Structure formats: C-alpha cells, structure tokens
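Data block below; observations after.
Nothing fancy with the numbering, it's 1 onward along the sequence. Bear in mind that the values here come from a model prediction, so they are computed numbers and not experimental data. Ligands are counted one by one from 1 in listed order, and the atoms in each one are counted from 1 as well.
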Amino acid sequence: MGKDVIVACDFSSAEATFTFLDRFIGLERKPFVKIGMELYYAEGPQIVREIKRRGHKIFLDLKLHDIPNTVKKAMAVLSRLDADIVNLHAAGTTAMMKAALEGLTREDGSRPLLIAVTQLTSTDQESMERDLLIDRPIGEVVMHYAKTAKDAGLDGVVCSPLEAGRVHEVCGAEFLTVTPGIRFADGDRGDQKRVTTPADAKAIGSDYIVVGRPITAAADPVAAYLRCVDEFVDR
Ligand code: C5P
C-alpha cells in the first residue's frame, strides 16, 4: 500500500467542496479526499459519486457503530458507492467488525479497505475512566482495539501518528495506520493537541496522513498540499 496524503474536505456543501477541489484541476497528482459526516449528511451519497467521477480516491469517514446486522447492511450500501476506505468504531466489538466486512464484500470478492477508530483522540484517560469505566492506560486500550480489529480481519486503524509505530509493532507492517493530527512545523495547531509534521509522521511509520485545515485554510491550498506530499511521500 503506497503512502498518501488524504485531504479532509470538511465543508458543509457540495458547492464549497467543488470550489476547493477545482483548484487542484490539472495537477499531476489527484488528492485522496476524506468525506466526513458533515459533508455526507449535507449532500448524501451523490457527493461520493461525484468526487469519485472526478477521479479522486475517497476515504468515507462515517465511523459506523451499531448492532452487527445493521452495520452489515449499511456497509453493503456504502460498498456500492465505491469508496476506497470506509471505517467504523472498534468499540462495536469483533462481531460487528466481522459483520461489516461481510456487508462490504461484493459478489466478485472485492471491497473497500475497512479501518477502525480505536479511541477518539478527543477522549483522554480521565474521560475514558469516568464515562466509559475503562481504567486501563489509554495507550494499552488503543493497542488492544487495534489488535481486535486486526483479528477481525480489518485492514488498519485510524490513530495518532505518535501511535503508528507501536501499532505496526503489535499488528504488523502491513496493517494500515491512517493518522490525523498533522501540522507543519511553522503552522497553527488549532484544537489538535498531539500533533506531528508530515515528515515526522512518515518517520514514525504512518501509511496515510489525514490533513484538513493546514491545507483547506491555507492561503494557497495547492502549495500546502504539495508541501505535505513532498514531506510525506516523495522526500
Ligand atoms: O483540520 P485537521 O487537520 O485538524 O482535520 C483532521 C481531520 O481528521 C478532521 O476531519 C477530523 O474530524 C479527523 N479526525 C481527527 N482525529 C481523529 C479522527 C478523525 O482529527 N481521531
């Protein structure tokens, strides 16, 4: 699996998304695009088809979490949209993850990659203990969820770039790490707390970096994207 930069298109309309993506027309490399809940709920499945039609790969970041039968059926629908990566919460348990894989798999045996959210990066040790009654160290919990996802047959996890090396140690080099929380060395951190640069994420072993505001809010988004590619993929 090749390393790539995934651009988080956190926009609330198709119009804003296409105004943004139009800037990249003519570039030799088509950005891999992440569609999250905001854009998907605003525009529906058509937004996936349209971005795909323009030739972009898509990570559909909808983080499913429900009973196995419901997730299986929802994944079968998402599979027909031809996204390249989809995801769910590992907290839905092994049965849910296995059902998701079944739902995703098309008649010819092909399917999008399926990755799991372990613990959200917005969850810290204190809130995990207080609200979820999980009292083990959060790093151990993340690795346990990653291992559960691997054992269920999933392709990887969403995690902090700081955890990517350890996930590969526990789950193997082929198990994908998709990592948000990326900032340029001279950039604004915004609300992200534990961040790394694209170059550091590469050194630690991330397979895909997910980059939102450092690209979408840049004065020159194409230059910011190419800087990520230069640091993470090409250098
Ligand atoms: O703008 P920024 O680069 O912080 O965007 C990161 C993207 O990755 C957002 O779409 C955010 O929802 C997503 N994400 C994250 N942390 C996670 C999971 C997803 O920042 N643990």
Side-chain angles (χ1 to χ4, degrees), residues 4-13 16-17 20-21 31-43 47-48 51 56-65 83-92 113-125 127-128 132 138-139 141-143 145-146 149 154 156-164 166-167 176-202 204 206-229 231-232:
D4 210 346
V5 176
I6 302 181
V7 183
C9 284
D10 293 324
F11 300 110
S12 57
S13 71
T17 306
F20 173 75
L21 288 178
F32 201 130
V33 166
K34 180 172 92 74
I35 300 174
M37 291 184 201
E38 182 185 11
L39 184 57
Y40 189 82
Y41 290 149
E43 298 290 348
I47 191 75
V48 182
I51 295 176
H56 298 273
K57 286 191 172 172
I58 293 179
F59 169 21
L60 191 53
D61 179 21
L62 299 180
K63 301 186 180 72
L64 275 66
H65 189 173
D84 297 277
I85 305 178
V86 297
N87 65 352
L88 45 62
H89 276 280
L113 294 172
L114 180 61
I115 62 176
V117 176
T118 54
Q119 281 292 340
L120 290 170
T121 45
S122 52
T123 305
D124 60 10
Q125 185 74 36
S127 56
M128 194 180 69
L132 307 180
I138 195 160
V141 176
V142 167
M143 291 312 146
Y145 281 19
L154 270 66
V157 287
V158 183
C159 63
S160 156
L162 298 164
E163 292 157 355
R166 180 89 183 106
V167 168
L176 299 174
T177 52
V178 179
T179 65
I182 302 296
R183 292 295 180 266
F184 293 122
D186 51 3
D188 181 6
R189 288 183 165 215
D191 54 358
Q192 296 279 20
K193 295 198 174 73
R194 299 171 68 222
V195 298
T196 63
T197 63
D200 285 346
K202 179 180 183 180
I204 299 170
S206 293
D207 296 293
Y208 292 92
I209 52 171
V210 177
V211 190
R213 288 160 292 179
I215 294 175
T216 56
D220 184 343
V222 175
Y225 169 71
L226 292 175
R227 184 175 171 189
C228 287
V229 171
E231 281 192 33
F232 186 70

Q) Who's touching ligand 1 if we go heavy atoms under 4.0 Å? A) Ala8, Asp10, Lys34, Thr121, Pro180, Arg183, Gln192, Val210, Val211, Gly212, Arg213, Pro214

Q: Please indicate whether Lys57 has more than 12 foreign heavy atoms, meaning atoms of other residues, nucleotides or ligands, lying under 6.0 Å from its NZ.
A: no

Q. Taking the inter-plane angle between the rings of Tyr208 and Phe32 on a 0 to 90° scale, is it parallel (under 30°), tilted (30 to 60°) or perpendicular (over 60°)?
A. perpendicular

Q) Between atom CG of Asn87 and atom CG of Leu64, what is the distance when rounded to the nearest 0.5 Å? A) 8.0 Å

Q) Any salt bridge (Lys or Arg N to Asp or Glu O under 4.0 Å) pairs touching residues 210-220, not counting sequence neighbours? A) Asp191-Arg213

Q. Just how far is it from atom CG of Leu39 to atom CD1 of Ile51, taken to the nearest 0.5 Å?
A. 6.0 Å

Q | Side-chain (Gln119) to main-chain (Val142) donor-acceptor, under 3.5 angstrom | A | no

